[in-house]
Amino acid sequence: MALDPDAEQVLELVRLSGRPRFEEVSPEEARALFLAGRKVFAPEPAPVAEIRELAAPGPGGAAIPLRLYRPREGVLPTLVYYHGGGWVVGDLDTHDTLCRHLANAADCAVLAVDYRLAPEYKFPAAVEDAWAALEWAAENAAALSTDRERLAVGGDSAGGNLAAVTSLLARDRGGPRVSYQLLLYPAVDMGMHMESYRRFAEGYLLTRATMAWFVDHYLARPAEIDDWRASPLRAPDLGGVAPALVVTAGYDPLSDEGAAYARRLVESGVSIVHRHYSGQLHGFMTSGKIVRAASPALDEAAAALKAAW
């Protein structure tokens with residue numbers, strides 16, 4: 001399928017802005033650019049019944065900032081959400097509109113996690129924070145008026161990586177029980193060797209060079225590429241993890257590894273839905289001000305959560 005005209009408009013706006021590539025600036029500058037981009041492309045934030053700024057004890061010694069979104073009163077299922085941004089950029093604010101949308105559409109609490117970023121905190125710091133936040137969500141369910149038995153994980157891009165990894169950790173460590181995985185164009189193999197990296201190396205927002213910049217900042221040494229906590233596609237066994245929705249985008253360097261992860265889940269006996277948006281770019285679900293397909297895609301993800309619960 002041809003590139004969605006809305007996606008073409010996103011590419012044109014980026015080109016006209018003259019914005020430098022992330023790999024051409026420092027991580028601090030890249031974070032500012034990413035947040036500025038969200039202000040251009042993200043829709044207006046939808047109202048929710050309650051937003052609470054919280055914190056969980058962090059394995060790194062500092063608290064992990066959290067943001068809880070609730071669409072209404074009462075006991076609710078919970079989605080623990082990990083933002084995208086290549087483990088280097090992104091925060092609670094860059095994904096605020098997405099979390100609001102999912103909370104309202106899925107009728108659930110969304111607990112967004114501001115995990116430690118690279119290169120200040122190398123792998124596996126983000127994984128450790130992601131796991132600590134999931135445990136905290138389960139342990140504090142009663143205080144949060146949430147249902148511990150209906151606890152899902154989700155994330156986009158690097159956040160999808162963390163959601164997949166925490167699902168595997170929950171299986172291996174005997175809980176908390178994860179009822180569903182929402183994996184939105186996830187990064188699941190640090191090797192960057194699949195064909196989509198060649199097809200979409202340049203010109204489609206996320207480039208091969210930018211992804212290499214992310215990986216180089218995240219990992220301390222090349223050997224960590226094979227660690228399944230960095231590359232969950234390389235885990236020896238994916239059986240026994242939670243059911244999943246795996247979303248891939250057609251014009252995305254990560255599309256082939258996301259599809260490969262979906263296939264491996266199926267081969268491992270895991271119930272999944274693989275939804276491929278063939279005309280879209282990486283990151284399209286946070287660009288709803290421009291990309292009209294973003295809102296219905298988020299509604300579909302929310303419907304998958306509701307059905308799982």
Aromatic Trp213 / basic Arg208 pairing, under 6.0 angstrom, 45° off normal: no

Stacked cation flag Arg275 on Tyr277, 6.0 angstrom / 45 deg: yes

Electrostatic pair Glu128:Arg116 at N-O distance under 4.0 angstrom: yes

Trace of the side chain to side chain donor-acceptor pair (under 3.5 Å) decision for Gln181 with Ser167: CA-CA 7 Å; Gln181 304 179 71; Ser167 296; 3.2 Å; yes

Short side-chain donor-acceptor distance under 3.5 Å, His274 and Thr248: yes

Cationic N near anionic O, under 4.0 Å, Asp189 to Arg234: yes

Tyr81 vs Leu98 side-chain heavy atoms within contact, under 4.5 Å: yes

Joint hydrophobic cluster, Tyr82 plus Val188, side-chain heavy atoms closer than 4.5 Å: yes

Sidechain N-carboxylate O distance under 4.0 Å for Arg31, Glu120: yes

Ionic contact status for Arg67 with Asp93, cut-off 4.0 Å: yes

Nearest-0.5 Å distance that lies between atom CZ in Phe200 and atom OG1 in Thr207: 13.5 Å

Salt bridge flag under 4.0 Å for residues Arg198 and Glu195: yes

Residue pair Arg100 / Pro47: nearest heavy atoms and the distance that separates them: NH1-CA, 4.1 Å

Side-chain heavy-atom pair Pro176, Leu151 within 4.5 angstrom cut-off: yes

Interatomic distance, Asn140 atom CG to Thr146 atom OG1 [nearest 0.5 angstrom]: 8.5 Å

Gap separating the OH atom of Tyr218 from the NZ atom of Lys122, nearest 0.5 angstrom: 11.0 Å

From Lys289 atom NZ to Ser287 atom OG, the distance as rounded to the nearest 0.5 Å: 10.5 Å

Aromatic ring proximity, centroids under 6.0 angstrom, Tyr251 and His282: no

Test salt bridge (Lys or Arg N to Asp or Glu O under 4.0 Å) applied to Arg221 and Glu224, step by step: CA-CA 6 Å; Arg221 57 192 64 86; Glu224 291 174 340; 2.9 Å; yes

Distance-only donor-acceptor check, side chains Glu23 and Thr210, under 3.5 Å: yes

Arg263 to Tyr261 six-membered ring, cation-pi geometry met (6.0 Å, 45°): no

Check: Ser196 main-chain N/O paired with Asp256 side-chain donor or acceptor under 3.5 Å: yes

Distance, nearest 0.5 Å, that separates CG of Leu254 from CE of Met192: 9.0 Å

Side-chain heavy-atom pair Pro253, Met194 within 4.5 angstrom cut-off: no

